[in-house]
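Note sheet for the following structure.
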Amino acid sequence: MKTRCKTTMLKRLIFSTAILFLCGCKQKEKNAIPKQNTTSNVHIQYANGFSIVKKANGITVINVLTPWANAETTYSYALIPKDIQANITLDKNEYDAIISTPVEKVVVTSTTHIPALEELGVLNRLIGFPDTKYISSKAARKRIASGQIKELGVNEDLNTEAVLALRPDLIFGFSINNGNNTYKTIQRANIPVVYNGEWVEETPLGKAEWIKFFAPFFNKSEEADLIFNRIEKAYLEAKKLASKAEKKPTVISGAMYKDVWYLPSGKSWAANFLRDANANYLWKDTNEKGSLSLSWESVLEKGQHAEYWIGPDQFGSYQEMQSASHHYAQFDAFKQQKVFTTANTKGETGGTLYYELAPQRPDLVLKDLIHILHPGLLPNYIPYFFKPLL
């Protein structure tokens, strides 16, 4: 299991992934959000990385509190409905971007952004994406095939000429720090970059709640609330079902990259799924929020007799694992063929569906795990992401 879409092999093993008429790109100390005369704060229950404030004059302010892990900066975006923008005056120095809504043309930079656009019914606003081959959404692939979504290079080094030619209203950016010079070049051309930090969230429902972050840019906040409420209800019902299981099966996770075994730490997104599935994840008591980097010997010592192996990274078959390292065959879960992977659920061009859709649909992930770990609770369920290793 893992949090991100499409990055490096190392990150896969870690698991777990703005008519702009005024635009700034200042940085502020974390939590130093400009004071607002607010009307109401939008209720955000699970996500910690953003807030939404609706002001009395009709504008919406979105504050991104955690754009990436260990961020020391925050970002603030003012959204102004086009039908009132002529009557609104704002100090551009208070915001990182001032954006007219609804936006009509956007570029996103992570496959995890695409399900939110699709759910909100605004996939037709997406005009460009880096590395389109990783996209699994069938609706998005049709638009790629017809030339309606353009190829823009790679996220870390977007083709700036192609982006400038498209003239999007904004880019939803994904970054691991504030050192992306390509984004800075695009911002200097008065195309705002709005940072999305959903990948930093540690809880399944926290990631899913970021659909509320996208919604105000398209005037779709009511729709986002309904969508999230449906997902939340399904997730909590599944969690309640899992709690009825009489036994907590033991679980290991992850795989080796070179000589290091990467697996989810106890407070990570992936570990939270296993907790809610009522499993005994053997590293559940570790306090890190991301991943652990361990020797294979230490993993063998603790996890050799674990009943299940959930998420062996990119491996799709026992033969692949055996060829990569003979150490894998020493684990009981391998011997008894109780290894389950997301690697065999792919889109038509080879993108792994889990990386794209799982953050938006944690209810499906949890049901997959319940079906695997507690077969009697969902006997007729057909797994969506996690399948037996071949």
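Note: hydrogens, waters and symmetry copies are ignored here, and every other heavy atom, side chains too, is used.
Partners of Ser137 according to the side chain to side chain donor-acceptor pair (under 3.5 Å) rule, which considers only residues two or more places apart in sequence or in another chain, are Glu118. Here Arg230 pairs with Glu119 under the salt bridge (charged side-chain N to carboxylate O under 4.0 Å, His left out) rule; sequence neighbours left out. With sequence neighbours excluded, the residues satisfying side chain to side chain contact (heavy atoms under 4.5 Å, CB included) with Glu232 are Gln45, Tyr46, Leu205, Phe228, Asn229, Leu236. Under the salt bridge (charged side-chain N to carboxylate O under 4.0 Å, His left out) criterion, Glu288 pairs with no residue, sequence neighbours left out. Under the salt bridge (charged side-chain N to carboxylate O under 4.0 Å, His left out) criterion, Lys239 pairs with Asp276, not counting sequence neighbours. By the side chain to side chain contact (heavy atoms under 4.5 Å, CB included) test, Lys142 is found to be paired with no residue, residues two or more places apart in sequence or in another chain being considered. A search for side chain to side chain donor-acceptor pair (under 3.5 Å) contacts involving Lys212 returns Glu209, not counting sequence neighbours. Applying the salt bridge (charged side-chain N to carboxylate O under 4.0 Å, His left out) criterion to Lys247, with sequence neighbours excluded, gives Glu307. Under the rule for a side chain to side chain contact (heavy atoms under 4.5 Å, CB included), the partners of Asn177 that lie at least two apart in sequence or sit in another chain are Ser175. For the side chain to side chain donor-acceptor pair (under 3.5 Å) test, no residue two or more places apart in sequence or in another chain qualifies with Glu348. Residues satisfying the side chain to side chain contact (heavy atoms under 4.5 Å, CB included) test with Thr182, not counting sequence neighbours, are Asp157, Leu158, Thr160, Asn180, Ile186.
Counting only heavy atoms from C-beta outward, the side chains of Glu201 and Trp210 approach each other to under 4.5 Å. Side-chain contact check for Val299 versus Met256: every heavy-atom pair is 4.5 Å or farther apart. Counting only heavy atoms from C-beta outward, the side chains of Asp313 and Tyr262 never approach each other to under 4.5 Å. Between Ile62 and Tyr75 there is no side-chain heavy-atom pair separated by less than 4.5 Å. Using a 4.5 Å heavy-atom cutoff, the side chains of Trp283 and Leu292 are in contact. The closest side-chain heavy-atom distance from Ile114 to Leu123 is below 4.5 Å. Two residues are said to be in side-chain contact when any heavy atoms from C-beta on lie closer than 4.5 Å; Asn178 and Trp68 meet this criterion. Side-chain contact check for Leu274 versus Tyr308: every heavy-atom pair is 4.5 Å or farther apart.
Aromatic rings of Phe315 and Tyr328 (six-membered ring for Trp) have centroids within the 6.0 Å cut-off, being under it. Tyr318 has its ring centre less than 6.0 Å from the ring centre of Phe334. If you look at Trp261 and Phe331, their ring centroids are closer than 6.0 Å.
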Evaluate side chain to side chain donor-acceptor pair (under 3.5 Å) for Gln148 paired with Ser146, printing each intermediate quantity in order. CA-CA 6 Å; Gln148 294 170 297; Ser146 66; 2.7 Å; yes

Practice prompt. Kindly indicate, with the supporting measurements, whether the criterion side-chain contact (heavy atoms from CB on, under 4.5 Å) is fulfilled by His113 and Phe214.
Written response: CA-CA 9 Å; His113 302 167; Phe214 285 101; 3.7 Å; yes

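For Gln304 (side chain) and Gln330 (main-chain N/O), a donor-acceptor pair under 3.5 Å exists by modelled atom type. Looking at Gln85, its side chain never comes within 3.5 Å of a backbone N or O of Pro81 through a donor-acceptor pair.
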Side chains of residues 361-372: which donor-acceptor partners sit under 3.5 Å, not counting sequence neighbours?
unit_1	atom_1	unit_2	atom_2	d
Arg361	NE	Asp363	OD1	3.0
Arg361	NH2	Asp363	OD2	2.7
Asp368	OD1	Tyr381	OH	2.8
Asp368	OD1	Tyr384	N	2.8
Asp368	OD2	Tyr384	N	3.3
Asp368	OD2	Phe385	N	2.6
Asp368	OD2	Phe386	N	3.0
His371	ND1	Leu378	O	2.8

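Taking the ring axis of Trp199 as reference, the NZ or CZ atom of Lys207 does not stay both within 45° of it and closer than 6.0 Å to the ring centre.
Other residues, nucleotides and ligands contribute at most 12 non-hydrogen atoms within 6.0 Å of the NZ atom of Lys233.
The cluster map of Ile, Leu, Val, Met, Phe, Trp and Tyr, joined by side-chain heavy atoms under 4.5 Å apart, puts Val106 and Leu164 in the same cluster. In this structure, Phe340 is not a member of the same hydrophobic cluster as Leu390, with clusters built from ILVMFWY side-chain heavy atoms closer than 4.5 Å.
Under 4.0 Å is where a charged nitrogen must lie from a carboxylate oxygen, and between Glu202 and Lys289 at least one such pair does.
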